[in-house]
Amino acid sequence: VKICWLLSIYPMKNEFPLGLSYDDVLLEPKYSVIKSRKNVSLRTDLTKNIEINLPIVSANMDTVTESKMAITLAQMGGIGIIHRFTTLERQIEEIKKVKRFTNYIIDNPFTLFPEQTINDYEELTADTGINGFPVVNKNGILMGIVTRRDVAFQTNKNKTIKEVMTPQPKLITAKPGISLEEAENLFSKHRIEKLPLVDKKNKLVGLIAAKDIRKTISFPDASRDKRGQLLVGAAIGVSGDFMERAEKLIKNHADILVLDIAHGHSALAIEALKTLKKKFPKQEVIAGNVATPEGVKDLIKAGADAVKIGVGPGSACTTRIVAGAGVPQLSAVLNCAAAAKKSGVPIMADGGIRYPADVVKALAAGATTVMIGNLLAGTDEAPGVIINKSGRRYKFYRGMASFGANISRRALDTNDDNLLYDNLMIEGTEGLVPYRGKAQEVIDYLLNGLRSGMSYNNAKTIKDLSKNAKFIRITENSLKESHPHDLEKT
Ligand code: XMP
């Protein structure tokens with residue numbers, strides 16, 4: 001009796017909760033009325049106020065997401081987060097590249113004056129890569145348009161634009177409010193490539209290019225802002241110049257800011273988030289990373305519009321073996337999603353995705369999006385070159401707290417060549433990942449798995465998936481059974 005009494009006031013210290021990873025579970029198949037995998041919707045909440053058509057987000061890492069990756073992801077319906085391990089100017093340039101990509105209404109088109117020459121045309125073409133320009137007078141009134149066709153066979157490069165342009169009375173123009181469909185009709189009816197937009201006084205107020213319309217139409221699921229430009233996110237830290245970075249990124253139309261540090265459940269992160277949301281209350285901010293319900297609640301209280309979950313599951317992470325901190329990712333997502341449910345703030349599962357099934361499990365556990373590093377780092381759209389090694393192709397991938405990334409960051413912060421690299425926080429590693437071709441193929445592979453997983457769970461939507469999911473814990477033997485076995489290698 002005495003022992004029992006003692007135990008009740010001094011509970012056993014080794015009664016720990018169990019933490020599970022994606023590999024520790026499967027989803028029990030359910031009676032399903034889904035006739036085809038095509039009949040499921042992958043539309044999901046990215047933040048409180050932004051929905052996207054696919055639950056895939058590319059990681060804000062310097063070997064994963066710059067403009068190329070962000071463009072591909074957004075065209076397919078997901079989103080990329082441009083990393084912050086570079087100068088502010090370069091980060092902004094990457095945002096601008098995404099925004100310019102399908103700018104189906106160009107607000108400030110490049111223009112020429114009638115008095116300029118073919119030489120000027122050629123110079124502007126070489127600088128911008130653009131072949132046709134509206135011609136305006138000093139007051140911005142549209143006078144004509146000059147395209148490659150107009151100058152192609154001109155030998156006298158000193159001829160004025162006025163002499164070669166198509167002049168205004170012959171031009172097809174439109175009002176600024178024209179819809180995508182109306183613009184498309186004008187392009188095919190008149191076989192033109194550029195459509196200047198003018199106000200009542202014939203002042204040039206914008207331009208639509210046929211090329212951009214084609215890009216827009218061929219990606220119906222693309223993630224777009226109100227102006228038809230692709231959505232893009234940008235990462236920021238929590239100290240130093242983070243507010244200046246945030247302000248400039250917002251000014252340059254970053255749709256989402258990702259306030260991202262390794263230990264997001266910290267006074268530093270919470271204060272930074274509060275400051276950010278106080279100054280920019282309308283800006284959507286995803287905050288992280290945390291791995292506990294308390295972390296989620298504190299970030300939501302501080303103003304997060306979505307919370308990023310994951311301490312240590314990433315393929316290039318060493319946090320768990322260096323600091324001993326972390327929560328196995330499936331449990332982290334399950335617990336955090338439950339904690340966020342009432343508030344309606346979405347959860348992003350960040351790191352540890354190795355198979356399509358992991359995406360299914362993360363969303364079934366309550367996340368609305370998954371963030372991916374490793375699987376996308378091997379694609380053409382990730383920064384970096386293809387490396388040939390022993391007849392196989394690879395790309396380089398590194399954790400953002402790896403030795404290499406630490407050194408690059410220090411070099412960015414200072415011009416001192418005689419740096420002493422002390423006090424480095426190494427909680428990540430680096431290595432080669434198999435070259436995987438186009439990012440679209442990797443994403444399609446993940447999404448086909450997801451659609452299949454949804455049909456096994458009788459889930460027409462991602463919300464249904466988390467509602468219907470019934471996890472079953474498995475043993476090491478079941479894991480062996482799950483993977484291919486008893487086959488000779490071909
Ligand atoms: P995957 O598994 O897709 O994970 O490669 C990508 C995520 O890993 C996180 N990350 C790190 N975590 N040390 C860490 O502990 C690092 O150096 C590091 N770099 C990236 C990050 O959350 C990313 O999205």
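Whatever order the structure lists ligands and atoms in, that order sets their numbers, starting from 1. For the single chain, residues carry numbers from 1 onward in sequence order.
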What atoms in ligand 1 come closer than 4.0 Å to a heavy atom of [X]?
X      : answer
Gly428 : 13 (N), 16 (C), 17 (O)
Ser315 : 1 (P), 2 (O), 4 (O), 5 (O)
Ala59  : 24 (O)
Tyr397 : 1 (P), 4 (O), 5 (O), 6 (C)
Met371 : 24 (O)
Gly314 : 1 (P), 2 (O), 4 (O), 8 (O)

Next item on the list: Let me see the working for Asp350 and Asn289 under side chain to side chain donor-acceptor pair (under 3.5 Å), right down to the final yes or no.
Entry: CA-CA 8 Å; Asp350 175 17; Asn289 276 19; 2.9 Å; yes

Among all protein heavy atoms, pick out the one at the shortest distance from [atom]; state its residue, atom name and that distance to 0.1 Å.
atom                    : result
atom 20 (C) of ligand 1 : Met61 CE, 3.3 Å
atom 17 (O) of ligand 1 : Ala401 N, 2.6 Å
atom 3 (O) of ligand 1  : Gly373 N, 2.8 Å
atom 7 (C) of ligand 1  : Asp350 OD1, 3.4 Å

Checklist line | salt bridge (charged side-chain N to carboxylate O under 4.0 Å, His left out) evaluation trace for Lys308 with Asp260 | finding: CA-CA 8 Å; Lys308 197 147 78 81; Asp260 182 54; 2.9 Å; yes

N or O pair under 3.5 Å between [X] and ligand 1:
X      : result
Ile372 : no
Thr429 : no
Met400 : yes
Thr319 : yes

If you measure from each non-hydrogen atom of [X] to ligand 1, which part falls under 4.0 Å: side chain, backbone, both or neither?
X      : answer
Arg398 : neither
Glu427 : backbone
Asn374 : both
Asn289 : side chain

Margin query: Can you see whether Ser315 engages Asn374 through a side-chain donor-acceptor pair at a distance of less than 3.5 angstrom?
Written below: yes

Next item on the list: Examine the side chains of Tyr394 and Asn388 and answer whether a donor and an acceptor come within less than 3.5 Å of each other.
Entry: no

Check: Does Gly352 come within less than 4.0 angstrom of ligand 1, counting non-hydrogen atoms of the residue?
Finding: yes

Checklist line | Side-chain (Thr275) to main-chain (Glu271) donor-acceptor, under 3.5 angstrom | finding: yes

Check: Sub-3.5 Å donor-acceptor pair from the side chain of Lys395 to the main-chain atoms of Ile386, do we have one?
Finding: no

Checklist line | Ring geometry between His263 and His265 (parallel below 30°, tilted from 30 to 60°, perpendicular above 60°) | finding: perpendicular

Next item on the list: Would you mind finding which of Cys317, Ser402, Gly351 brings a heavy atom closest to atom 11 (C) of ligand 1?
Entry: Cys317

Next item on the list: Report yes if the side chains of Glu441 and Arg436 come closer than 4.5 Å at any heavy-atom pair, otherwise no.
Entry: no

Note to self: With a 4.5 Å cut-off on side-chain heavy atoms, are Met400 and Asn406 touching?
What the structure shows: no

Next item on the list: Evaluate the salt bridge (charged side-chain N to carboxylate O under 4.0 Å, His left out) criterion for residues Asp23 and Arg354: first the C-alpha distance (whole Å), next the side-chain angles of each, then the deciding distance (0.1 Å), finally the verdict.
Entry: CA-CA 10 Å; Asp23 269 357; Arg354 294 183 300 152; 2.5 Å; yes

Checklist line | NZ/NE/NH1/NH2 to OD/OE distance under 4.0 Å, Lys99 and Asp225 | finding: yes

Next item on the list: Using a strict 4.0 Å threshold on nitrogen-to-oxygen distance, state whether Glu66 and Lys97 make a salt bridge.
Entry: no

